[in-house]
Amino acid sequence: MSDEFDNLLSIHTFHSLASEFCTLANIKFVDSNSASDKKFWNEVAPKLLVKACKRLPSNQKFDAVIVDEGQDFSSLWWKSIEYVFRDSDQKSCYYVFYDPRQKFDYKNPVELPNDIKWSFVLDTNCRNTKEIAKHCADIFNEKIKTKADTPSGNSPQIHREDSWQSAFRKANQIVKGLCRTDKHGLHYSQVVILTPGNARDHWPSKFRKIKIDSAISQWRKNKFVLVASLHQFKGLEADVVILLTPKLPKTKGFHHIEYYVGCSRAKHMLHVIHVDGKQSHSR
């Protein structure tokens, strides 16, 4: 957006918005005891946001609210967001984008705010090549439309390894082949390696001759190849995704959602490395 709008636009996670409003209202938001408490983030934080909003003048609130990843919001979060509007009776600029296939807490239904009366289905994939889009659709036995001019691209490449260590060695080989400087290869900022969050202990500190790290802001500056968890990279995308994941169980559930999220981050090229060993399912 144009720089002239910088002072009119705020971009937050739900909790960073709650934290900022509490700071403005001189309310203590989080302490060392509550930082690791799931109940605090799910239940207490939205109540603190409401408390802060009641203290703040209208000129510190918003005329328009756009929520992304709405499938991850709870009813308490939605209720608290009502209070961040400058005028609670004027919510005509209130938009929520969500994808039920990306709800990690899949056992609970998607909750949406009652204020939003109109619903539009965005059923055309505008991110992935046709081959990657088809692979994503097949995870849930569904059909996903693509634009007529979407390139077909290459089929996703599926690999199998028996441990996280060997899977990362395979990922190293793939990255080395993609980012070859002597053959005008890809930039580091075009490639990401994704894993489930419980595989973080297996992340290597470095690749041979290839720099890797988990800082997204520095990755965007082409400092290294990014290694990230699926939760960390959710909502983002890369030209090439190398997804390390346990072998999918037959019953659809959490692992299928993780797999769908990981595969759908890839715009042009997807490598999937299934880790078949026992340690792949460690928590």
Side-chain angles (χ1 to χ4, degrees), residues 1 66 68-71 95 97-103 120-161 167 170-196 207 210-212 216-217 219-245 247-248 252 255-274:
M1 297 183 69
I66 301 171
D68 196 14
E69 306 292 345
Q71 73 277 351
Y95 297 88
F97 294 84
Y98 74 101
D99 182 353
R101 301 184 198 90
Q102 296 189 49
K103 184 174 174 60
F120 302 93
V121 178
L122 306 178
D123 59 357
T124 302
N125 182 311
C126 300
R127 170 186 285 140
N128 314 114
T129 62
K130 288 183 179 180
E131 286 292 329
I132 294 175
K134 181 181 182 302
H135 186 78
C136 293
D138 288 345
I139 297 169
F140 293 104
N141 298 320
E142 296 178 355
K143 290 185 178 180
I144 295 178
K145 296 179 184 177
T146 54
K147 295 171 66 177
D149 59 351
T150 298
S152 294
N154 297 323
S155 299
Q157 300 296 302
I158 309 299
H159 316 269
R160 285 181 170 78
E161 299 291 339
K170 182 65 177 179
N172 184 15
Q173 293 174 7
I174 295 169
V175 171
K176 188 177 178 181
L178 292 172
C179 299
R180 290 187 62 173
T181 56
D182 60 330
K183 291 192 175 181
H184 305 288
L186 298 178
H187 297 297
Y188 291 162
S189 57
Q190 293 178 272
V191 183
V192 62
I193 299 168
L194 298 179
T195 75
F207 277 170
I210 300 287
K211 295 180 180 178
I212 60 172
I216 291 178
S217 61
W219 167 67
R220 292 190 188 279
K221 296 177 182 178
N222 200 39
K223 300 291 185 180
F224 42 70
V225 168
L226 183 72
V227 56
S229 70
L230 292 167
H231 285 74
Q232 181 186 6
F233 205 70
K234 191 163 175 269
L236 302 178
E237 59 190 25
D239 289 330
V240 180
V241 166
I242 303 169
L243 175 62
L244 280 63
T245 178
K247 185 179 179 181
L248 286 178
K252 286 184 170 57
H255 289 293
H256 284 76
I257 292 170
E258 281 198 324
Y259 187 60
Y260 171 83
V261 169
C263 292
S264 61
R265 302 308 93 200
K267 294 199 295 183
H268 300 293
M269 190 179 298
L270 173 64
H271 285 267
V272 177
I273 305 175
H274 286 298

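These numbers come from a predicted model, not from an experiment.
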Supply the atom-to-atom distance [X] [atom1] to [Y] [atom2], rounded to the nearest 0.5 angstrom.
X: Q173; Y: L178; atom1: CD; atom2: CG; value: 12.0 Å
X: E258; Y: L243; atom1: CD; atom2: CG; value: 9.0 Å
X: Q102; Y: S264; atom1: CD; atom2: OG; value: 5.0 Å
X: I193; Y: F207; atom1: CD1; atom2: CZ; value: 4.0 Å
X: I242; Y: I174; atom1: CD1; atom2: CD1; value: 5.0 Å

Qualifying residues under salt bridge (charged side-chain N to carboxylate O under 4.0 Å, His left out), relative to R160, sequence neighbours excluded: none
Using a 4.5 Å cut-off on heavy atoms from C-beta on, say whether the side chain of [Y] contacts that of [X].
X: D68; Y: Y98; answer: no
X: K247; Y: H255; answer: no
X: E69; Y: K234; answer: yes
X: V192; Y: V240; answer: no

Validation: residues 135-144 side-chain donor-acceptor distances under 3.5 Å, sequence neighbours left out:
{"from": "H135", "atom 1": "NE2", "to": "Y259", "atom 2": "OH", "distance (Å)": "2.9"}
{"from": "D138", "atom 1": "OD2", "to": "K134", "atom 2": "NZ", "distance (Å)": "3.0"}
{"from": "E142", "atom 1": "OE1", "to": "R101", "atom 2": "NE", "distance (Å)": "2.7"}
{"from": "E142", "atom 1": "OE1", "to": "R101", "atom 2": "NH2", "distance (Å)": "3.0"}

Side chains of E131 and S152, donor plus acceptor under 3.5 Å: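 Looking only at side-chain atoms, S152 and E131 do not form any donor-acceptor pair under 3.5 Å.
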Which atom pairs, donor and acceptor, lie under 3.5 Å between side-chain atoms of residues 219-228 and protein residues at least two apart or in another chain?
{"from": "W219", "atom 1": "NE1", "to": "Y188", "atom 2": "O", "distance (Å)": "3.0"}
{"from": "W219", "atom 1": "NE1", "to": "V191", "atom 2": "O", "distance (Å)": "3.0"}
{"from": "N222", "atom 1": "OD1", "to": "Y188", "atom 2": "N", "distance (Å)": "2.8"}
{"from": "N222", "atom 1": "OD1", "to": "S189", "atom 2": "N", "distance (Å)": "3.0"}

Report the residues that fulfil side chain to side chain contact (heavy atoms under 4.5 Å, CB included) with T124, sequence neighbours left out, ordered by chain and then residue number. C126, K145, K147
Non-neighbouring partners of T146 that pass side chain to side chain contact (heavy atoms under 4.5 Å, CB included), sequence neighbours left out: N125, K130, A133, T150
Show the atom names and distances, to 0.1 Å, of all donor-acceptor pairs under 3.5 Å that link a side chain in residues 265-273 to residues at least two apart or in another chain.
{"from": "R265", "atom 1": "NE", "to": "V261", "atom 2": "O", "distance (Å)": "2.8"}
{"from": "R265", "atom 1": "NH1", "to": "L236", "atom 2": "O", "distance (Å)": "3.0"}
{"from": "H271", "atom 1": "ND1", "to": "H159", "atom 2": "NE2", "distance (Å)": "3.0"}

Has Q190 got a side-chain atom pairing as donor or acceptor with H187's backbone, closer than 3.5 angstrom?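 Flag set: sc Q190 to bb H187 pair under 3.5 Å.
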Mark yes or no for whether Q157, through its side chain, and S155, through its backbone, hold a donor-acceptor pair below 3.5 Å. yes
Mind listing the closest non-hydrogen atom pair of I257 and K103 along with its distance? CD1-O, 3.1 Å
I need the minimum non-hydrogen distance between L244 and A171, along with the two atoms involved.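 Minimum heavy-atom separation between L244 and A171: CD1-CB, 4.2 Å.
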